[in-house]
Number of protein chains: 2
Amino acid sequence: MQKRIPLTPDSSRCSTCMLNNLCLPVGMSTIDISRFEEVVQERLRIPKGESLFEAGERADAIFGIRVGSLKTQLEDASGHVQVTGFLLPGEIAGLDGFLEGHQLSHAVALEDTEVCVARVDEIDRVAAHIPSLQQQLRRLTSTEMKRSHQLVVSLGVLRSEQRLAAFLVNMSQRLSILGYSSSEFILRMSREEIGNYLGLTLETVSRLFSRFARENLIRIHQREVKLLDLPALRDLAGTDCG
Amino acid sequence: MQKRIPLTPDSSRCSTCMLNNLCLPVGMSTIDISRFEEVVQERLRIPKGESLFEAGERADAIFGIRVGSLKTQLEDASGHVQVTGFLLPGEIAGLDGFLEGHQLSHAVALEDTEVCVARVDEIDRVAAHIPSLQQQLRRLTSTEMKRSHQLVVSLGVLRSEQRLAAFLVNMSQRLSILGYSSSEFILRMSREEIGNYLGLTLETVSRLFSRFARENLIRIHQREVKLLDLPALRDLAGTDCG
DNA sequence: CGGCCCGTTGACTTACATCAAGATGAGTGG
DNA sequence: CCACTCATCTTGATGTAAGTCAACGGGCCG
């Protein structure tokens, strides 16, 4: 269902990609980026609803998101699903799996999505010559860890309204880094997916959105959100929003 | 408050340590272990209640636990604490910090504890010659990630009794690997710490312990636990206990 | 012995889940 | 273009798991 897109010499590459200051090449010199580029030999298109990878699969690559968005989720033995994150352009999918050779989670496209494929063996081969790449991989892994910790804190100590406020503020921050409006955006995931991610039911999420709207913190219509009072939301969330 | 113990040539080392098949040297050949040993130049003694490291500190080492146990916790801006894990002998503390140069969490000794110090620069220096070390670091990082994910699932989808059952089964598993009884052990942490870890209050934890005891799943007196019906606990937890 | 954590247990409250009944909107086919 | 279905979302009524508040008991340490 995924469509492979081999990269020809004249395809657009990392060095000309708008996202190269967010994605894997963060912090690399122009020269390092051009050396790194050869690691990325192809792209994949994943239609909405399809999987980029599933838990247990051999993990021989990590994926930089070019356009679109993904959710990652875990399933336990009894079939329960826990959404562990939403990934936006410039962010990297498959980091947890890459560390141990097979995927730990299941990544599904929330909309038609395109990712750049960086094969692990290529990375290892090239990393010897690009110290900043090793460093960047460590940094990304650490970020992933922090995200996971943040989620633990959110699920462990925050109340539902705080979790949802933190979620909105976090989305706003990440979207604004991508150059989108930090106050007005479209949620690519359903109420159910948000709820699952935050350890709430879809009804609770819906009710909270309605309440936030009533309190003039946001305006919301289906998946279009407008944050009317970001400071108040930030305050509600308890300042740090991962 | 920490007491440094420099290692002299005749100190006991990794190659003679009982834990070397659990700790950092897992999967290394005898030769690799003896090369790895030189990374560990000292140990630290941390008295009960004292910190091994605190969030924000420069992270220039990782720590293999020799004897004792630790808890790791995060504090958010508003001072809320979330316990993120308990570490037993043979397990490694400070992995998350090591990836990005400063500690993300706060590690506190639950009892008088002794750890082996592996400095990051030493590791990086030696890693070039010991491929199994690089691999082992990746594996440990991945394990850490899995643990965190497991906790997310636990907090997100399990009910209180399931969380506590999973906690007991998990402790039992880890202790039996260390050669202790898998059915009878002493909890080194308070009800409050368990509760915080599992996203519950100390009263709920206490009540659940009492209920488990009433249902003959366990016997418990203060911090001494005896698991009477491990299969039932496993079943209650939902099979996989990280 | 007395003080102090720590753990237990009970009575009460509440935040969130569950159950259930419409609305709203996107997609499809006549 | 309208009528249909199906997904998703909203809102209300009710239930319940777990939190809160409070009193008490048991170990442990000076």
Side-chain angles (χ1 to χ4, degrees), chain A residues 47-49 71 80-83 108-112 154-168 186-215 218-226 236-238, chain B residues 47-49 71 80-83 108 110-112 154-168 186-215 217-226 236-238:
Chain A
K48 177 174 176 171
K71 65 171 172 178
H80 269 138
V81 168
Q82 170 71 39
V83 174
V108 182
L110 293 172
E111 59 193 310
D112 291 355
S154 171
L155 294 170
V157 317
L158 301 186
R159 273 173 310 109
S160 59
E161 53 180 34
Q162 299 180 292
R163 294 183 213 175
L164 192 62
F167 170 75
L168 288 172
I186 294 181
L187 298 169
R188 307 252 87 120
M189 66 295 285
S190 69
R191 301 290 188 264
E192 180 164 20
E193 285 161 335
I194 298 171
N196 185 301
Y197 175 63
L198 298 174
L200 305 170
T201 57
L202 68 100
E203 293 97 327
T204 299
V205 173
S206 178
R207 269 187 258 269
L208 283 170
F209 275 146
S210 302
R211 205 185 89 203
F212 285 175
R214 231 177 298 128
E215 293 167 348
I218 65 173
R219 185 166 317 144
I220 188 157
H221 178 65
Q222 301 286 115
R223 297 190 179 185
E224 298 163 36
V225 213
K226 176 161 189 170
L236 187 56
Chain B
K48 178 175 176 172
K71 66 171 172 178
H80 268 140
V81 167
Q82 169 72 39
V83 174
V108 182
L110 293 173
E111 57 192 313
D112 291 355
S154 170
L155 294 170
V157 317
L158 300 186
R159 274 173 311 107
S160 60
E161 53 180 32
Q162 299 181 294
R163 293 183 213 175
L164 192 63
F167 170 75
L168 288 173
I186 293 181
L187 299 168
R188 308 253 86 122
M189 65 297 284
S190 69
R191 302 290 189 264
E192 180 164 20
E193 286 161 336
I194 297 172
N196 185 301
Y197 175 63
L198 298 174
L200 304 170
T201 58
L202 67 99
E203 291 97 329
T204 299
V205 173
S206 178
R207 267 187 260 268
L208 283 170
F209 275 145
S210 301
R211 206 184 88 204
F212 285 176
R214 229 178 299 128
E215 294 167 346
L217 296 175
I218 65 173
R219 184 165 319 143
I220 187 158
H221 177 65
Q222 302 287 115
R223 297 190 180 185
E224 298 164 37
V225 215
K226 177 160 189 170
L236 187 56

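Per chain, numbering begins at 1; letters A, B, ... match sequence-line order.
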Task: Lys/Arg N to Asp/Glu carboxylate O, Arg207(B) vs Glu203(B), below 4.0 Å - done: no

Task: Leu208(B) vs Ser160(B) side-chain heavy atoms within contact, under 4.5 Å - done: yes

Open item on the list: In this structure, how many angstroms lie between the P atom of dA7(D) and the CG atom of Leu110(A), rounded?
Closed with: 18 Å

- [ ] Rounded off to whole Å, could you give me the CZ-to-P distance for the Phe209(A) and dT8(D) pair?
- [x] 16 Å

- [ ] For dG25(C), take OP1 and OP2 only and decide whether either is under 4.0 Å from a side-chain N or O of His221(A).
- [x] yes

Task: Charged N-O contact under 4.0 Å between Glu111(B) and Arg188(B) - done: yes

Open item on the list: Using Watson-Crick or G-U wobble geometry with both distances under 3.5 Å, which nucleotide pairs with dA7(D)?
Closed with: none

TODO: For the residue pair Phe209(B) and Leu187(B), establish whether any side-chain heavy-atom pair is separated by less than 4.5 Å.
DONE: yes

TODO: Round to the nearest Å and state the distance from Glu192(A) atom CD to dC16(C) atom P.
DONE: 19 Å

Open item on the list: Using whole Å, what does the distance between atom P of nucleotide dC5(C) and atom NZ of Lys48(B) come to?
Closed with: 13 Å

Task: Nucleotide dA18(D), atom P - distance to CG of Asn196(B) in whole Å - done: 16 Å

- [ ] Pull up the glycosidic torsion of dA7(D) and say syn or anti, syn being anything within 90° of 0.
- [x] syn

Open item on the list: Can you tell me whether the side chain of Arg207(A) and the base of dT18(C) have a donor-acceptor pair closer than 3.5 Å?
Closed with: yes

- [ ] Please work out if Gly195(A) contacts a base, only the sugar-phosphate, or nothing of the nucleic acid, heavy-atom cut-off 4.0 Å.
- [x] nothing

Open item on the list: Please tell me if Thr201(B) has a side-chain N or O lying less than 4.0 Å from either OP1 or OP2 of dG19(D).
Closed with: yes

TODO: Counting Watson-Crick and G-U wobble pairs only, both distances under 3.5 Å, name the nucleotide matched with dT24(C), or none.
DONE: none

TODO: Using a strict 4.0 Å threshold on nitrogen-to-oxygen distance, state whether Glu161(B) and Arg211(B) make a salt bridge.
DONE: yes

- [ ] Respond yes when some side-chain nitrogen or oxygen of Ser206(A) is under 4.0 Å from OP1 or OP2 of dT11(D), and no when none is.
- [x] no

- [ ] Could you check which of dA17(C), dA22(D), dT10(D) has an atom nearest any side-chain atom of Glu203(B)?
- [x] dA22(D)

TODO: Ignoring backbone atoms, establish whether Arg223(B) has a side-chain N or O less than 4.0 Å from OP1 or OP2 of dG7(C).
DONE: yes

- [ ] May I ask you to evaluate whether Ser160(B) reaches the phosphate of dA18(D), defined as a side-chain N or O under 4.0 Å from OP1 or OP2?
- [x] yes

TODO: Report yes if at least one side-chain N or O of Ser210(B) is closer than 4.0 Å to OP1 or OP2 of dT8(C); otherwise report no.
DONE: no

- [ ] Could you state the atom-to-atom distance from CZ of Phe212(A) to C1' of dC9(D) in whole Å?
- [x] 17 Å

- [ ] Check every atom of dG7(C), dT10(D), dC16(C) against the side chain of Arg191(B) and return the nucleotide holding the closest atom.
- [x] dG7(C)

Task: Value in whole Å for how far the P atom of dT11(D) lies from CZ of Arg211(A) - done: 13 Å

Task: Arg159(B) atom CZ, over 12 foreign heavy atoms within 6.0 Å - done: no

Task: Position toward the 5' end of DNA chain C (nearest nucleotide), Leu200(A) or Gln222(A) - done: Leu200(A)

Task: First encountered from the 5' end of DNA chain C, between Glu161(A) and Arg214(B) - done: Arg214(B)

TODO: Would you kindly give the CG-to-C1' distance between Leu202(B) and dC21(D), to the nearest whole Å?
DONE: 12 Å

- [ ] Give a yes/no answer on whether the side chain of Arg159(B) brings an N or O atom under 4.0 Å of OP1 or OP2 in dT16(D).
- [x] no

